[in-house]
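Scroll down for the structure; my scribbles are underneath it.
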2 protein chains.
Amino acid sequence: MEEIDRRIVTLLAQDGRMSFTDLARETGLSVSAVHQRVRRLEKRGIVRGYAAMIDHDAIGLPLTAFVSIKPIDPAAPDDAPDRLAHLHQIEACHSVAGDESYILKVRVASPVALEDLLQQIRESANVSTRTTVVLSTPYEHRPPPLGDGAVPE
Amino acid sequence: MEEIDRRIVTLLAQDGRMSFTDLARETGLSVSAVHQRVRRLEKRGIVRGYAAMIDHDAIGLPLTAFVSIKPIDPAAPDDAPDRLAHLHQIEACHSVAGDESYILKVRVASPVALEDLLQQIRESANVSTRTTVVLSTPYEHRPPPLGDGAVPE
DNA sequence: GCTGAAATTTTTTTATG
DNA sequence: CATAAAAAAATTTCAGC
């Protein structure tokens, strides 16, 4: 991927609703050229999709936590992500190196809801949990650094 | 916030580029009514913005890690988020309960880049670090559960 | 706050160099 | 990849209830 595609990706990461007209102005390309590139980036999966960023306080999910999980039976097949996928309070699931096997990011309405969710996680995936509660989030969803730091391809 | 706004938020969280026409069809409102509501949700900050979701492998940042930090001097004023904000490889910063004070989510190009970033974090904020490397991400950015689980207002 | 409709702008496609 | 043109669709504004 080269310079202009990288610029387009950066712009869309910052404003997913930016118009092709604006993208064209920012990149110096014509509208059709930008259009073509964006479609190609989407098709290749470099742009995976678009999402509105939501204020979780406002929608009644003010409590965020990171839940690290570890299998009770280390010999059992590890299909925890599949077994947890139905729990929609889990926003993300990362397989990680280290003592524990996955880190989950969860959003819930209250401490009681967290307690309930943890129980469901333990039951669903036969794991033990270790939970770190988020107190506040100074920043989140910052766009990736493409002009500085990363040297793709 | 009531039912229809919640539905709009859910739809936009799943597809940040959904048109007002489609939102109108999905909610049973007129286009102008939906338009009005979306603008109001944006103005109130319930919808914070829109972002393209990017494949970090494709843009040369294939390595994700969680970095927990702890101040070297517990008596010093805690302005770590400000002091780290210039490091664009930090995608998110959460203040957390527990032994450590913040969890950072970082994206870098390589192990060496991670090593370099960790050093910059320690120097910039006068903290010690504990790093958990992400091996794979079964899922991420799942939309919040508004029709099930949460009971806003 | 909603509807319906007009005015404007953007998106999308197609063609040509 | 640029330009151009045309058609389709979406955004935005506004009168009226």
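All chains are named by letter (A, B, ...) in the order of the sequence lines, taking the proteins before the strands, and each is independently numbered beginning at 1.
Using a cutoff of 4.0 Å between basic side-chain nitrogens and carboxylate oxygens, B:Glu140 and B:Lys105 are scored as salt-bridged.
In the set D:dT13, C:dT3, C:dT13, the nucleotide with an atom closest to the side chain of B:His35 is D:dT13. The side chain of A:Ser19 approaches C:dT10 more closely than any other nucleotide in the set D:dC14, D:dA2, C:dT10. Distances were taken from every side-chain heavy atom of B:Ser32 (C-beta onward) to each of D:dT13, C:dC2, D:dA4; the shortest belongs to D:dT13. Nearest to the side chain of A:Thr21, among D:dT13, C:dT10, C:dC2, sits C:dT10. Of the listed nucleotides (D:dA2, C:dG1, C:dG4), D:dA2 has the atom at the smallest distance from the side chain of A:Leu29. The side chain of A:Ala33 approaches D:dC1 more closely than any other nucleotide in the set D:dT11, C:dC2, D:dC1.
B:Glu115 CD: 12 or fewer foreign heavy atoms inside a 6.0 Å radius.
There is a side-chain donor-acceptor pair under 3.5 Å between B:Arg107 and B:Thr64. Between the side chains of B:Tyr50 and B:Glu42, a donor-acceptor pair is found at a separation under 3.5 Å. A donor-acceptor contact closer than 3.5 angstrom links the side chains of A:Arg122 and A:Thr129.
Distances shorter than 4.0 Å separate some side-chain N or O of A:Arg37 from OP1 or OP2 on D:dC1.
The separation between B:Phe20 atom CZ and C:dT10 atom P is 14 Å, rounded to whole Å. Note: CD1 (A:Ile4) to C1' (D:dC1) measures 10 Å, nearest angstrom. Atom-to-atom, CG of A:Asp22 to C1' of C:dT9 comes out at 11 Å; the value is rounded to the nearest Å. Regarding B:Glu42, its CD atom lies at a distance of 11 Å from the P atom of D:dT11, rounded to whole Å. As a whole-Å value, the separation of A:Met18 CE from C:dT9 P is 18 Å. Following rounding to the nearest Å, B:Leu41 (CG) and C:dG1 (P) show an atom-to-atom distance of 11 Å. Put simply, CD on B:Glu3 is 16 Å from P on C:dG1, counting in whole angstrom units.
Residue-to-nucleotide proximity on DNA chain D shows that, of A:Arg40 and B:Arg39, the 5′-proximal contact is made by A:Arg40.
If you check every strand for non-hydrogen atoms under 4.0 Å, A:Gln36 touches nothing.
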